[in-house]
Trainee: 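Pasting a structure below so you can have a look.
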Amino acid sequence: MLATEVQLYLPISEGTLSGVLDNATDWVNTVQGLDIPEIASLFVLANLPKLCEHQHIPAVRLLAATLESCNEQASSTSLSTLIKYALQNLNRLDVSAGYALLPSFKIALLSDEAIERRDYLSHSGQYDLGFQNRYSESLTDRLIKTRIGTRQGFLNAEQSRVYREFEAQQNEHSHIQGYAGTGKTSLIKSLLTLFGNSKACVLVLVARQIQLSAMRAEFKNTPHVHIATFIDLANMLMPEDHTSAASQNMRINRGARATMSDDAVVLQLGVRASGNHSALQLVQAIRSTVFRFCQSVDTSVMEKHIPAAQATSFDASTLALVHHFACKLWQTLLLPPTKDFKPPIKGYHKIKWAALHGRTIPVRYTHVMLDECHDLPPTVLQILARSPQARSTLGDDYQNLSGQTVHQTSCVRFREMVHSVRSGPAVENIVNKIIMAHPSSMKAEFKGNTLSTLKVDIYQKPAIPDTPALILVNDNWGLFEWVQRLASQNINIQLKSSHADLNRFVQDCFELKNGGDCARHGELFRFKSWDTLADVYQHRAGFRRFNQLLEKGYEQKNWDQTYKRLLSAPDSRSYVISQIENVRNLEFDSVMLTPDIFESADRMSKAAFSASIYVCVTRARRQLLAPETLYQWVERISQTGRVDQKSSRGRRS
């Protein structure tokens, strides 16, 4: 919370007021222990609801008049008479109602130290109307004033502390673990301004394209800053070695978005059935094994890379077979055996190859910064560790949707940021229970912005929110359902994922439902019939509702009409629909969690699911709409203790 936002500091501390509002304490004894300014503060709090009807009356004037009245009564009679009057005219319910309104009036409470100094009082004991400006300026003097492009602003106290430390030690490794909404991205932008007048050249690495676009827009006229994704880094590290066929193959940007069919892998590698598992079933395990190898620091594909969920159903010979063909698939990716077989080279393949071959970041860069480093693959960390540049990383373990944590080396200076600028105290209980149950070692308490008016509203049955909101869904079934639901009400829609991808998904569903077998979407291409797809997805409520819609006659022309609305330009009245993974660095006034999100609780590792809920509840600025399942789940994890750190499901190569 910035001092520049506060319009009044009330002369009572958080600790004192908590005691006043605690039903476990004696009301009379508590009030009798207060001094006059604290009693005046209680009267102000109790009258804030009435002040809502008279917004033209500044709260600071109300405090000054109330304190003057309290002083007069204590002076003309006695302090005990004032206390008696307060006990007769105040109650916890009214004070609590005013406390809830503090963010609306941009009122903050003074610290115990500031109250002890009593600088807010004049010599005669009245409220000093000049105190507010003096106190705000004293706090602002400790903050860093920044200028990024044409925008000026202040860093908050936590950000300013990190900024000063970085300014003094720019050539040391550092890591900042900052909770959601604590301003990590704005901080890294401010840190980059430190290099403007030096000969430094900074490489900023980000995980996703949306981050890349945003950062490049901010620093488009800043030659000393180069912004790239991890895949850009991998391409940068590929040597022009004309003597190495594998090196030349890795340099080719071929089919990064394509998906190689299982049938093609079976045919090319000669995969055969084993035990009760068909060749196509083994290919899924083979792909996942290669992916997990690429995410590891290991130098070769091993049996331990076979996902546990699949490995437990394999006998020893099947495990050996999967391991053998996973090794063969990796070699085939490096060196395709024929000109006709050209498997797509993914970004993580390139990064793994660069890590295996000891590649380092070019020396033209003097510093490396990583935003959102909770998505940092171990292979990228390998490359950074052997590179000569000083690196600074900013991230949040609790936003890694795989439930994993990035382990920094011991020579890295570690700092924490726990005060959210975005989220209010209303989500503190939810977030802190996730933090305590998660396997990450950082357990500092999450602090919401006390000036936030965020409310958590629990619903019994999901309905379209009354005002534009972000609607978070679990999967493509959920995307379709809510896109269709809003379109049927003629509501404008903004999709935070690929329109073409959702269209491909729906088209493939029509194809399979109508007896075809040519699905191409990454989630559906393995299915050769609607029945085989239904066997896998029948337990998902979103799929069942989709199937019911098809059974009722929903067809291509209905989807065409919906898709047309989806493609219209979004405006201020548009609702946003997204899967969780696509909103991690975004915030919205209103956020709705759909019930289907909680279906994943039993399919995902507990750490991964906890991370997804953490991301959900920390996206909202003003309103969080959630099913009652949210609190049921929070209560369950708080009772069962720390969650596991089991890996999430492997992905295809």
Side-chain angles (χ1 to χ4, degrees), residues 401 459-465 469-489 491 493-514 519-527 529-556 558-559 561-563 565-566 575-583 591-605 608-609 611-613 615-617 619 625-630 632-633 648-649 651:
L401 294 181
Y459 63 80
Q460 302 296 319
K461 185 177 180 180
I464 297 173
L470 164 67
I471 300 174
L472 287 172
V473 300
N474 193 45
D475 49 27
N476 277 311
W477 307 111
L479 282 181
F480 167 80
E481 176 184 352
W482 282 90
V483 164
Q484 180 60 42
R485 198 166 181 173
L486 268 63
S488 67
Q489 299 296 317
I491 294 174
I493 305 163
Q494 182 181 359
L495 195 63
K496 281 294 178 187
S497 56
S498 169
H499 300 75
D501 184 79
L502 178 60
N503 186 48
R504 177 76 273 154
F505 180 85
V506 177
Q507 297 292 351
D508 281 358
C509 286
F510 284 137
E511 166 76 16
L512 292 171
K513 184 67 174 179
N514 294 328
R520 290 172 288 171
H521 188 273
E523 268 187 62
L524 306 177
F525 76 99
R526 287 191 172 95
F527 300 108
S529 71
W530 186 255
D531 289 340
T532 57
L533 183 149
D535 286 341
V536 173
Y537 288 110
Q538 61 181 315
H539 301 297
R540 298 199 189 183
F543 166 75
R544 294 196 298 271
R545 288 190 290 269
F546 184 93
N547 191 44
Q548 290 169 4
L549 198 60
L550 296 183
E551 296 291 341
K552 291 178 180 178
Y554 188 89
E555 54 188 356
Q556 183 69 54
N558 303 113
W559 171 247
Q561 186 175 0
T562 296
Y563 191 61
R565 176 169 289 277
L566 191 61
Y575 285 61
V576 181
I577 305 176
S578 179
Q579 295 186 55
I580 299 167
E581 63 190 35
N582 295 320
V583 296
V591 175
M592 175 183 176
L593 280 62
T594 56
D596 291 1
I597 285 176
F598 292 89
E599 285 186 350
S600 299
D602 297 327
R603 292 199 305 269
M604 300 166 63
S605 74
F609 185 72
S612 69
I613 300 302
V615 170
C616 287
V617 302
R619 298 307 96 195
L625 294 161
E628 55 187 352
T629 321
L630 171 64
Q632 295 169 0
W633 173 80
S648 63
R649 293 168 291 176
R651 288 187 277 174

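Note that the coordinates shown come from a computational prediction; the quantities given were computed from them, not determined experimentally.
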Trainee: Given Tyr554 and Trp559, is the ring-ring contact (aromatic ring centres under 6.0 Å, His included) satisfied, shown in steps?
Mentor: CA-CA 8 Å; Tyr554 188 89; Trp559 171 247; 7.4 Å; no
Trainee: Would you call Arg619 and Val615 a side-chain contact if the rule is heavy atoms closer than 4.5 Å?
Mentor: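 Arg619 reaches Val615 side chain to side chain.
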Trainee: Do the non-hydrogen side-chain atoms of Trp530 and Asn547 ever get within less than 4.5 Å of each other?
Mentor: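 Touching, per the 4.5 Å side-chain cut-off.
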Trainee: Any side-chain heavy atom of Ile613 sitting closer than 4.5 Å to one from Ile580?
Mentor: no
Trainee: Give the minimum heavy-atom separation between Tyr459 and Pro595, together with the two atoms involved.
Mentor: OH-CD, 3.1 Å
Trainee: Is Gln538 reaching over with its side chain to a backbone N or O of Asp535, donor-acceptor style, under 3.5 angstrom?
Mentor: yes
Trainee: NZ of Lys513 to OG of Ser529: how many Å apart, nearest 0.5 Å?
Mentor: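 With rounding to 0.5 Å, NZ (Lys513) is 11.0 Å from OG (Ser529).
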Trainee: Take Trp633 and Phe609 through the test ring-ring contact (aromatic ring centres under 6.0 Å, His included) and record every step on the way to the result.
Mentor: CA-CA 11 Å; Trp633 173 80; Phe609 185 72; 5.4 Å; yes
Trainee: Looking at Val506, Leu566, Thr562, which hits side chain to side chain contact (heavy atoms under 4.5 Å, CB included) with Gln484?
Mentor: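 One option only clears the test, and that one is Thr562.
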Trainee: In the structure I gave you, are the side-chain heavy atoms of Ile471 and Pro465 within less than 4.5 Å of one another anywhere?
Mentor: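 SC-SC contact between Ile471 and Pro465 confirmed.
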Trainee: According to the salt bridge (charged side-chain N to carboxylate O under 4.0 Å, His left out) rule, which pairs have a member within residues 495-504, sequence neighbours left out?
Mentor: Arg504-Asp508
Trainee: Within this structure, what is the CH2-CD1 distance for the pair Trp482 and Ile577, rounded to the nearest 0.5 Å?
Mentor: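 If we round to the nearest 0.5 Å, Trp482:CH2 and Ile577:CD1 are 8.0 Å apart.
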Trainee: Could you tell me whether the side chain of Asn514 and the main chain of Phe510 form a donor-acceptor pair under 3.5 Å?
Mentor: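 Here the side-chain-to-backbone pair exists.
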Trainee: Only counting residues at least two apart or in another chain, list the ones meeting salt bridge (Lys or Arg N to Asp or Glu O under 4.0 Å) with Arg565.
Mentor: none
Trainee: Check step by step if ring-ring contact (aromatic ring centres under 6.0 Å, His included) holds for Phe480 and Phe505.
Mentor: CA-CA 9 Å; Phe480 167 80; Phe505 180 85; 8.4 Å; no
Trainee: Say you draw a straight line from CD1 of Ile493 to CG of Leu479; how long is it, rounded to the nearest 0.5 Å?
Mentor: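 Atom-to-atom, Ile493:CD1 and Leu479:CG are 11.0 Å apart.
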Trainee: So, taking the atom named CG in Asp475 and the one named CZ in Phe543, what distance separates them when rounded to the nearest 0.5 Å?
Mentor: 11.5 Å
Trainee: Nearest 0.5 Å please: distance from the CD1 atom of Ile491 over to the OH atom of Tyr575.
Mentor: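 Answer for the CD1-OH pair, Ile491 versus Tyr575, is 5.0 Å.
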Trainee: Where do Arg485 and Arg545 land on the side-chain contact (heavy atoms from CB on, under 4.5 Å) test, with the steps shown first?
Mentor: CA-CA 12 Å; Arg485 198 166 181 173; Arg545 288 190 290 269; over 6 Å; no
Trainee: Under 3.5 Å, is there a donor-acceptor pair between the side chain of Glu599 and the main chain of Ala541?
Mentor: yes
Trainee: Report yes if some heavy atom in the side chain of Ser497 is under 4.5 Å from a heavy atom in the side chain of Leu502; otherwise report no.
Mentor: no
Trainee: Show the nearest heavy-atom pair for residues Leu512 and Phe527, with the distance to one decimal.
Mentor: CD2-O, 3.6 Å
Trainee: Looking at every non-hydrogen atom in both residues, tell me the closest pair between Ser578 and Leu470 and how far apart they are.
Mentor: CB-CD1, 4.0 Å
Trainee: Cut-off 3.5 Å, side chains only: do Glu523 and Tyr537 have a donor facing an acceptor?
Mentor: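 There is such a pair (donor and acceptor under 3.5 Å, judged by atom type) between the side chains of Glu523 and Tyr537.
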Trainee: Do you know the tightest heavy-atom contact between Pro627 and Leu593?
Mentor: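 Closest pair (atom of Pro627, atom of Leu593, distance): CD-O, 3.2 Å.
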Trainee: Could you check whether any side-chain N or O of Thr594 sits under 3.5 Å from a backbone N or O of Leu472, counting only pairs where one atom can act as donor and the other as acceptor?
Mentor: yes
Trainee: If you look at every heavy atom in Val473 and Gly478, which pair is closest and at what distance?
Mentor: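 For Val473 and Gly478, the tightest heavy-atom pair comes out as CG1-O, 3.7 Å.
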Trainee: Within a 6.0 Å radius of atom CD on Gln561, are there more than 12 heavy atoms belonging to other residues, nucleotides or ligands?
Mentor: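 Open.
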Trainee: Is any side-chain heavy atom of Glu481 less than 4.5 Å from a side-chain heavy atom of Asp596?
Mentor: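 Yes. Closest side-chain heavy atoms under 4.5 Å.
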Trainee: Should Arg544 and Glu551 count as an ion pair when the cut-off is N to O under 4.0 Å?
Mentor: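 Looking at Arg544 and Glu551, the cut-off is not met.
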Trainee: Tell me, do Trp477 and Cys509 make a side-chain contact under 4.5 Å, heavy atoms counted?
Mentor: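 Result yes, sub-4.5 Å side-chain heavy-atom pair found.
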Trainee: When you compare the side chain of Gln489 with that of Ile464, does any pair of heavy atoms fall below 4.5 Å?
Mentor: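 In short, these two side chains touch, coming nearer than 4.5 Å.
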